[in-house]
Amino acid sequence: MALLTRIRGPRDLDRLGPEQLEQLAGEIRSFLVEEVSKTGGHLGPNLGVVELTIALHRVFDSPKDKILFDTGHQSYVHKLLTGRQDFSRLKSKGGLSGYPSRAESDHDIIENSHASTVLGWADGLAKANEVLHKDDHVVAVTGDGALTGGMAWEALNNIAAAKDRPLVIVVNDNERSYAPTIGGLANHLATLRTTDGYERFLARGKEILDRTPVVGRPLYGTLHGAKKGLKDFIAPQGMFEDLGLKYVGPIDGHDIEALESALQRAKRFGGPVIVHCITEKGRGYQPALQDEADRFHAVGKIHPDTGLPIASSGVDWTSVFGEEMVKLGHEREDLVAITAAMLQPVGLEKFAKAFPDRVYDVGIAEQHGAVSAAGLATGGVHPVFAVYATFLNRAFDQVLMDVALHRCGVTFVLDRAGITGTDGASHNGMWDMSILQCVPGLRIAAPRDADQVRAQLREAVAVEDAPTVVRFSKGAVGPAVAAVGRVGGMDVLRRTEEGTADVLLVSVGALAPMCLDIADLLDKQGITTTVVDPRWVKPVDEALAPLAEQHRVVVTVEDNSRVGGVGSAVAQALRDAGVDVPLRDFGIPPRFLDHASRKEVMAEIGLTAPDIARQVTGLVARLDGRLVDSPTEAARD
């Protein structure tokens with residue numbers, strides 16, 4: 001790492017010659033494989049943008065010039081070149097974020113970790129430069145996957161409106177988002193990749209005509225004037241130029257000299273320019289290149305030589321859902337699946353192999369996916385839209401006004417619900433149960449274990465007159481949590497022999513084991529507890545209010561924001577029923593959470609069994625007018 005260790009900032013690149021730059025690129029790839037294999041992270045995307053990132057920082061003067069990354073998972077090389085070379089705690093508490101982070105560096109302008117937004121940011125920054133008469137350059141690095149999102153095209157429409165407002169758009173085209181990019185835009189970019197460029201044709205024509213006496217130069221002028229038609233014929237890049245955007249490319253995204261030349265031309269142009277770069281995701285690392293699914297888009301801890309996982313974490317929530325979808329697919333010919341460019345991450349890969357004609361990848365376009373699902377349901381089939389919980393935020397209006405208003409039988413399956421931890425604020429699925437509470441007719445299931453994922457998915461797809469939601473956590477699914485009884489539609493997980501108890505503990509989803517631990521701690525203090533799992537948390541089960549009336553205190557525990565979540569809904573239901581019982585709701589505070597492990601985040605916000613038991617013990621003690629030992633002290637005895 002002789003060169004890499006000498007890079008403390010982008011301007012250190014200026015003194016390197018071509019051979020040294022190639023050496024640096026190799027060192028960066030070796031560093032990434034070695035370090036990311038220890039921590040996990042987005043390996044494939046970063047291996048693909050090494051030369052591109054070097055060229056960007058040689059041509060532009062960050063942070064004065066604003067270099068923006070769409071999604072930001074490809075920013076590891078950018079971090080290395082801006083003085084952040086300690087990757088030992090990547091994505092861990094106190095270590096580097098897996099995305100750009102303003103807290104880390106002035107070179108990180110935006111922290112967007114949801115795709116297709118960078119062009120909107122760039123448009124706004126370029127407009128601000130214009131208003132303030134600043135000469136800063138704005139560079140937006142986006143991908144062919146991100147360009148499948150409608151927001152990107154809304155921004156392009158605005159960017160193209162100002163022909164003399166400088167803005168450089170770098171399209172990092174690796175034919176993939178997570179998996180291979182799907183759709184009409186992908187086909188267009190594929191045509192650009194495989195067709196000889198117009199600029200090369202025109203340059204050759206100029207060379208020949210310049211040697212032709214008398215008529216050569218006038219003929220060249222005519223040829224240049226007819227470039228629009230020629231471009232459509234020779235290299236169909238007209239889609240961009242029809243928008244009013246100058247197009248440069250395609251450029252070999254691993255040729256630093258070619259990249260610098262193209263970026264310099266774009267920098268001097270004085271208006272909006274698209275620089276189209278062809279890169280290879282996972283470049284330089286054979287295990288990634290051999291991974292056809294996603295080229296090691298994101299990996300856990302792996303053996304650097306083989307790319308194989310160091311340890312298996314067991315069966316995860318996603319695979320349980322995926323296997324049950326295949327079973328349902330065999331039973332119901334009307335069942336179809338939708339993914340937003342994430343077939344494998346959301347567990348639909350096996351369903352796609354079994355039923356290739358019943359899977360629709362809409363690209364990074366959650367809004368469109370939700371509306372398309374409404375159309376599918378209206379057409380007579382039952383769509384299951386599998387998406388990360390954090391990404392459903394983007395389609396709220398469509399869930400409300402297209403799916404729910406029209407009483408469409410659409411099932412949304414929300415993966416990575418609750419605290420996900422290491423990917424930071426943007427990826428915690430902590431808002432879905434709050435956002436969706438206000439949607440009329442919509443029903444939400446929160447399975448506590450693998451058996452309930454299977455059962456509640458079946459219950460959800462059986463509903464044909466309203467939207468349903470099934471949400472589950474990230475990572476390994478624990479042992480089954482058995483019910484000891486049923487009240488209304490709720491499972492009773494623990495009850496006293498007498499049938500009455502001090503505390504009614506309402507457990508939501510995957511937090512059931514923790515809630516049983518809370519009950520054990522309370523029992524040591526002489527506080528009796530009934531633990532129920534509502535299974536369906538929206539609407540609130542009608543049997544909950546009468547059950548609550550039999551207890552002195554009601555406690556709700558959820559892996560979701562406390563604001564407007566299940567606790568709030570239960571409190572409202574009790575008020576509506578005239579049940580005046582003290583209620584304490586425990587969940588995620590309304591703030592953005594820094595990256596750390598799930599366990600560390602939950603400890604930080606007090607969402608642990610000892611923390612909750614301590615507060616509930618204090619509440620009961622106040623009701624009794626007495627003081628007791630803390631549950632943690634009792635646990636030590």
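Numbering starts at 1 and runs along the sequence shown.
With values rounded to the nearest 0.5 angstrom, Lys281 atom NZ is found 8.5 Å from Arg295 atom CZ. Leu90 CG to Ser97 OG: the interatomic distance, rounded to the nearest 0.5 Å, is 8.0 Å. Atoms CZ and CZ, from Phe351 and Phe321 in turn, are 8.5 Å apart once rounded to the nearest 0.5 Å. Going from atom CG of Asp559 over to atom CG of Asp432 covers 9.0 Å, rounded to the nearest 0.5 Å. Atom-to-atom distance recorded for Lys91:NZ and Asp423:CG is 4.0 Å, nearest 0.5 angstrom. Put simply, CE on Met342 and NE2 on His297 are 7.0 Å apart, with the number rounded to the nearest 0.5 Å.
Note on ring orientation: taking the six-membered ring where Trp is involved, the planes of Trp317 and Phe472 are parallel (angle under 30°, cut-offs 30° and 60°).
A salt bridge links Arg394 with Glu366: the closest approach of a Lys/Arg side-chain nitrogen to an acidic carboxylate oxygen falls below 4.0 angstrom. The residues Asp451 and Arg535 are annotated as not salt-bridged, no charged nitrogen and carboxylate oxygen being separated by less than 4.0 angstrom. Classification of Glu558 and Arg471 as a salt-bridged pair fails, no side-chain N sitting under 4.0 Å from a carboxylate O. Ion pairing between a basic and an acidic side chain is recognised when a charged N comes within 4.0 Å of a carboxylate O; Asp502 and Arg552 show such pairing. Remark: Arg443 does not engage Glu459 in a salt bridge, criterion side-chain N to carboxylate O under 4.0 Å.
A donor atom on one side chain and an acceptor atom on the other are found under 3.5 Å apart for Glu464 and His382. A donor-acceptor contact closer than 3.5 angstrom is absent between the side chains of Thr529 and Asp523. In the model, His406 has no side-chain atom that pairs as donor or acceptor with a side-chain atom of Thr378 under 3.5 Å.
Checking Arg486, Arg494, Arg448 one by one against Asp533, the salt bridge (Lys or Arg N to Asp or Glu O under 4.0 Å) holds for a single residue, Arg448. Exactly one residue among Val403, Asp465, Val399 makes a side-chain contact (heavy atoms from CB on, under 4.5 Å) with Cys408. That residue is Val403.
Taking both residues in full, the closest heavy atoms of Gly488 and Ala543 are given as CA-CB, 3.9 Å, listed atom of the first, atom of the second, then distance.
Put simply, the side chain of Asp415 never gets that close to the backbone of Lys474: no donor and acceptor are under 3.5 Å apart. A donor-acceptor contact shorter than 3.5 Å is absent between the side chain of Ser507 and the backbone of Val532. Although no hydrogens or angles enter the test, the distance criterion places no donor-acceptor pair under 3.5 Å between the side chain of Asn428 and the main chain of Ile419. Looking only at distances, no side-chain donor or acceptor of Asp402 sits under 3.5 Å from a matching main-chain atom of Val371. When atom types are taken as modelled, the side chain of Arg458 and the backbone of Ala462 share no donor-acceptor pair closer than 3.5 angstrom.
Between Phe391 and His427, the distance from one ring center to the other falls under 6.0 angstrom.
For Asp580, the CG atom sits in a loose shell: 12 or fewer heavy atoms of surrounding residues, nucleotides or ligands are nearer than 6.0 Å.
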